[in-house]
Amino acid sequence: MKSSLRRIIPTGLLKRYRAYKKRQALKAYEGDRVFCPICRSKYDHFADFGLVVRHNARCLNCGSLERHRLLYSYLQNKKNIFNEGEKKRMLHFAPEEFFLKAFANNPSIEYVSGDLFPELYNLNGTYNVTKIDITNIPFSDESFDVVLCNHVLEHIPDDALAMLELYRVMRTGGWGVFQVPIDYSLVNTYEDFSITEPKAREKAFGQIDHVRLYGQDYKTRLAKAGFSVTEDDYVTQMSSAEQYRLGVMPHELIYYVEKQPTD
Ligand SMILES: [Zn+2]
């Protein structure tokens, strides 16, 4: 709307007009064919998302994407973390706001979230994000039952050190999920630390702030830090109708890691 028009229209009327436009836009999504397990919203379909547009991708209420809903479903249905009586201590890196709220408010989780840049979170003082350098985690050994570190390691120059730190703070018998973007056509992870310009990084690694592109050896890299790693094809245990209903990608593997006793 032109600024000259904006000046003559009363603010209240403009607000009502915008709310009306938003309601009209949402009408196209009304229905119950899809379900977001994180915020429990139902729609006819999720919104399109991505530079290369993906259909049925983004939740209109909480903003979750396919990978978030897959992870939540995994934690809820396969790991049963929201129902067990025994309280789990969880460390969560770079928490998405919808996850942070869901985990922090869950009575079965003692929740610690961390990020190298906690000042970038706008949570109005309601939730706490601790400043944590993943290559020097400020917690003692064996501190957490569950560690979530998703879409973080591809940003970290010394990811081997980060993996050792993740292993150190995990309790023996504990587990985690460590998702990263993977190009399965690469046998070996592609790294070149001479590439530092954002545009060049985007071209080489897929995003301006990624420092590598993981390949098929991601599992081996985690195992070197001590983890037992499972590439879990949990998503294939759902019917295609269920995959559509949750709006998940049908081939995404869950990188499930465990710290087992070494005896
Ligand atoms: Zn949602």
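We count ligands from 1, going down the list as the structure has it; atoms in each ligand are counted the same way.
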Quiz prompt | Protein N, O or S atoms lying under 2.8 Å from the Zn ion (ligand 1), listed by chain and number | solution = Cys36 SG, Cys39 SG, Cys59 SG, Cys62 SG
Quiz item: When the ring centroid of Tyr127 is compared with that of Tyr121, is the distance short of 6.0 Å?
Solution: no
Exercise. Step through it carefully: locate the ring centre of Phe99, locate the ring centre of Tyr111, and say whether they are under 6.0 Å apart.
Key: no
Quiz item: Parallel, tilted or perpendicular: which describes the rings of Phe205 and Tyr190, with under 30° parallel and over 60° perpendicular?
Solution: tilted
Quiz prompt | Flag, side chain of His68 to backbone of Leu65, donor-acceptor distance under 3.5 Å | solution = yes
Self-check item: Side chain Asn124, main chain Thr126, donor-acceptor under 3.5 Å
Solution: no
Quiz item: Under 4.5 Å between any side-chain heavy atoms of Val229 and Tyr256, yes or no?
Solution: no
